[in-house]
Trainee: 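Here it is, the structure, as structure tokens.
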Amino acid sequence: MKSTEIDIHKELKKYFGFNQFKGLQEKVIRSLISGKNSFVIMPTGGGKSLCYQLPALMNEGTAIIVSPLIALMKNQVDAIRSLSSENGIAHVLNSSLNKTEINQVKKDITSGLTKLLYVAPESLAKDEYIKFLKNINISFVAIDEAHCISEWGHDFRPEYRNLKNSIKLLGNVPVIGLTATATPKVQEDILKNLEMADANTFKASFNRPNLYYEVRTKTKNIESDIIRFIKQHKGKSGIIYCLSRKKVEAIAQVLQVNGISAVPYHAGLDAKTRAKHQDMFLMEDVEVVVATIAFGMGIDKPDVRFVIHHDIPKSLESYYQETGRGGRDGGEGHCLAYYSYKDVEKLEKFLSGKPVAEQEIGFALLQEVVAYAETSMSRRKFLLHYFGEEFDSETGEGGDMDDNVRNPKTKVEAMNQVVKLLEIVRDTKHLYKSKEVVYTLTGKVNAMIKAHKTDSQSFFGSGAAFEERYWMALLRQVLVYGLLSKDIETYGIIKITDKGLDFIKNPISFMMSEDHEYNESEDEAIVTAAKSSGIADEALMLVLRDLRKKVAKKLGVPPFVVFQDPSLEDMSLKYPITMDEMGNIHGVGEGKAKKYGKEFVDIIRTYVEENDILRPDDLVVKSTGANSINKLYIIQNIDRKLNLDDIARGKGLNMDALIKEMEQIVYSGTKLNIKYWIDEILDDDQQEEIHDYFMESESDSIEDALKEFDGEYDINELRFMRIKFISEVAN
């Protein structure tokens, strides 16, 4: 056992450049290399693919990987090939190949060169392929996205149902099924269908501590809010999900017009355009993809930094899957959903035309989404509870990574109002939907209320002391709490439950969360996960990113195939200037160092020489006299025209402290061009007026300037203008 232990860690380092396994990876790999059937339930981004990639590279023979999408296969094959000097180490076998290509694949497999063969489930059903594969040494069969087997899964594929028959024909080979779906019903279905009740089952925690969850109220200004959010995350990749194709096209256009590189992606586009747009995103030619849920399974991009839901999704399962595409490399991932009850009502309308059983399931799932959006408890705790996992907000990893924990909602006692609401529903004899219930409380008349003569009842208008918005929010929270229910078949009629009738008899405290108003500073809160912070040298990071993009373009692979962000970050901290040192960088193994390392080592060596960088073993600091790392960071990022709020946050400074640093920089003779920032806050005439004031004034005192302008400009506007003035005139 001891020698296997050394081997398995050695192989991990050799192929992938990692020193240790993540989560359950090691246990899964040991199970598979010992020839046992295995079943892995691991959240999106949890490192599922390594569970079969490493054993495939270590074992004798070829591993067969069943995957549902051509794009997904291509992605993984590129990644495996980047670890080796032999292209034949990984192949796909699917309908996209011609005869010559198929013969080459067969030749590489027969010669023992190919360790991983990616196939579509349809390919495994073909007699000619089965005949060929029966005669080769197969190490194991891996079924990725195994939830496609289950009719209860959110992405059922009928062709997956026949896999067990094809696998039987290949002989007695170990099977590993992998899924990111946590529903017990789906898990049971997979094991039953694959006939592997004896499989070793591994279920990982569904907690993704590096993801920050936030829900904002959807307002008329949603488009400008999204644009502002993306501009704060400039240069970072993100996905925006919308429910309709029309909305996808509209949002993509708005972003493009506003100078954000974005492309649409939905099933209405032809396959060629979809593939092109997906590649543009992978290759970092565009920053943002606006998509329907058609986009996602084919994406294995580790450095998606934000996932925005323009519309609330239909279930928490799909929300979890979609947000899980953010921060797969362990770095920052901001999950922002916009919520409006109107969207929920739209989704309910879609459901009303479906068979009753389907309506009930759909409605129940939707209520969970509403509860998530409206809850004032920790969103992480709420989500994990839904997946059957308990989370302690105090001690759990990532406990403060959500808006409710960071900005607790105000709660008010609403026991008496709940009783009033419940009595109205009871006394109007379950006639009304939400709107009429609220109208009855506030004393507003419409045709329906008139027809039922509700406006002549003594209770009509008994809740007029509160606004409609208050009652609507309370009604939704009471629904989530189970005191009221909505009748699905009669679309949205509100009824009182037994629990509600008990509440009228024995009222207890009901703390209602007030609607959370997001102010500007909260809107702009940017979350940085620990792993993606601590870059000692931002300038070098930019140089390395450019080189990575160039190398990737030349090879026709996505940039992250060359090196992932954490590897570049490690390089910008450790300054590797030899190939040996490159081998010690996070995520860089022998194969990667040999294949890509030289150009990176050369460029870092030149950079170190040109910038007189000291390279002590423990910490790297630039030896540039008065220019501290903070100052260099500020100068470089202002050169890049970054948002000053972002620059301040990147170094944990408040705006006052940042301005002080900037003042020291310009007063010591260095130019800072902040015109881009000032243009946002002052027009040309205002700038000219302040510029002329400083030109003519005997002193650059801000106090004097404040007196002179008598409240026309605030202190920061004058300080920024003084920095601009000193830069242009004095330096």
Side-chain angles (χ1 to χ4, degrees), residues 43-46 154-155 180-181 206-216 218 222-223 225-244 247-248 251-252 255 260-266 277-278 280-282 284 286-339 343 369 372-373 379-380 382-384 386-387 398 401-404 523 525-529 531-532 560 565:
T44 306
H154 57 277
D155 199 39
T181 294
F206 273 66
N207 186 22
R208 296 281 307 280
N210 59 313
L211 297 186
Y212 180 84
Y213 298 105
E214 179 184 5
V215 177
R216 293 185 191 176
K218 195 172 187 177
I222 180 169
E223 287 168 1
D225 201 48
I226 288 174
I227 289 162
R228 187 165 80 236
F229 180 91
I230 294 170
K231 287 193 171 171
Q232 287 161 2
H233 291 70
K234 197 149 184 53
K236 294 177 179 177
S237 297
I239 303 171
I240 300 176
Y241 283 108
C242 305
L243 281 176
S244 73
K247 187 53 79 181
V248 164
I251 297 289
L255 295 184
I260 292 165
S261 58
V263 286
Y265 187 106
H266 56 73
H277 287 183
Q278 180 168 301
M280 285 167 81
F281 184 56
L282 289 174
E284 293 180 13
V286 294
E287 288 175 15
V288 180
V289 166
V290 189
T292 54
I293 50 172
F295 181 78
M297 269 181 78
I299 270 299
D300 197 16
K301 185 169 164 60
D303 56 352
V304 172
R305 292 285 160 249
F306 57 88
V307 177
I308 297 175
H309 279 87
H310 178 282
D311 308 300
I312 212 80
K314 295 174 188 174
S315 72
L316 279 184
E317 184 112 340
S318 42
Y319 172 76
Y320 183 84
Q321 283 279 51
E322 287 150 23
T323 54
R325 289 173 187 133
R328 288 185 175 197
D329 56 7
E332 143 200 8
H334 196 129
C335 309
L336 170 60
Y338 287 93
Y339 171 71
D343 286 354
V369 178
Y372 170 78
R379 297 197 193 278
R380 185 176 305 278
F382 188 103
L383 264 181
L384 293 174
Y386 178 75
F387 289 120
M401 293 283 279
D402 91 57
D403 57 343
N404 281 344
D523 265 4
I526 288 181
V527 184
T528 307
K531 284 185 188 165
S532 64
F560 60 80
D565 273 4

Trainee: Can R305 and D303 be counted as an ion pair, charged N to O under 4.0 angstrom?
Mentor: no
Trainee: Could you go step by step and tell me if D343 and L243 meet the side-chain contact (heavy atoms from CB on, under 4.5 Å) rule?
Mentor: CA-CA 10 Å; D343 286 354; L243 281 176; over 6 Å; no
Trainee: Are R380 and Y213 in a cation-pi contact, defined as NZ or CZ under 6.0 Å from the six-membered ring centre and within 45° of the axis?
Mentor: no
Trainee: Output yes when D311 and K247 qualify as a salt bridge under the 4.0 Å nitrogen-oxygen rule, no when they do not.
Mentor: no
Trainee: Are the side chains of I239 and Y265 in touch, meaning some heavy atoms are under 4.5 Å apart?
Mentor: no
Trainee: Rounded to the nearest 0.5 Å, what separates atom CD1 in I308 from atom CD in E322?
Mentor: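 Here the rounded value is 13.5 Å.
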Trainee: For the atom pair CG (D403) and OH (Y212), what is the distance rounded to the nearest 0.5 Å?
Mentor: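 Rounded to the nearest 0.5 Å, the CG-OH separation comes out at 5.5 Å.
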Trainee: Which label fits Y319 and Y372: parallel for a plane angle under 30°, tilted from 30 to 60°, or perpendicular past 60°?
Mentor: tilted
Trainee: On a heavy-atom basis, which atom in L211 and which in G326 lie closest, and how many Å separate them?
Mentor: CD2-O, 3.4 Å
Trainee: Could you walk me through whether H310 and Y338 pass the ring-ring contact (aromatic ring centres under 6.0 Å, His included) check?
Mentor: CA-CA 6 Å; H310 178 282; Y338 287 93; 7.1 Å; no
Trainee: For R325 and V307, work out which heavy atoms get closest and say how close.
Mentor: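 Heavy atoms of R325 and V307 come nearest at C-CG2, 4.4 Å.
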Trainee: Indicate the atoms forming the closest heavy-atom contact of P313 with S318, along with that distance.
Mentor: CB-OG, 4.1 Å
Trainee: Taking G331's backbone N and O only, do any of them form a donor-acceptor pair with D565's side chain (distance below 3.5 Å, no angle check)?
Mentor: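 Not confirmed, D565 side chain does not pair with G331 backbone.
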Trainee: For residues C242 and V290, determine if any side-chain heavy atom of one lies less than 4.5 Å from a side-chain heavy atom of the other.
Mentor: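 Counting from C-beta outward, C242 and V290 do come under 4.5 Å.
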Trainee: Drop me the distance from E287's CD to L255's CG, to the nearest 0.5 angstrom.
Mentor: 10.5 Å
Trainee: Under a 4.5 Å cut-off applied to non-hydrogen side-chain atoms, are E284 and K301 in contact?
Mentor: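 SC-SC contact between E284 and K301 confirmed.
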Trainee: Where is the tightest heavy-atom contact between A252 and V263, given as atom of each residue plus distance?
Mentor: CB-C, 4.3 Å
Trainee: If we only count heavy atoms from C-beta on, is the R216 to F229 side-chain gap below 4.5 Å?
Mentor: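 A side-chain contact exists here, since the closest heavy-atom pair is under 4.5 Å.
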Trainee: Without swapping roles, check the side chain of R208 against the backbone of G333 for a donor-acceptor pair under 3.5 Å.
Mentor: no
Trainee: Please report the C-alpha distance between V288 and F306 in whole Å, then the side-chain angles of each, then the deciding distance to 0.1 Å, and finally whether the side-chain contact (heavy atoms from CB on, under 4.5 Å) criterion is met.
Mentor: CA-CA 9 Å; V288 180; F306 57 88; 4.0 Å; yes
Trainee: How long is the straight-line distance from NE2 of H233 back to CD1 of I260, given to the nearest 0.5 Å?
Mentor: 12.0 Å
Trainee: Within this structure, what is the CG-NE2 distance for the pair L282 and H277, rounded to the nearest 0.5 Å?
Mentor: 13.0 Å
Trainee: Assess whether atom NZ of K218 is packed by more than 12 heavy atoms of other residues, nucleotides or ligands within 6.0 Å.
Mentor: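 Yes.
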Trainee: To the nearest 0.5 Å, what is the distance between CG on L383 and OG1 on T323?
Mentor: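 Here the rounded value is 7.0 Å.
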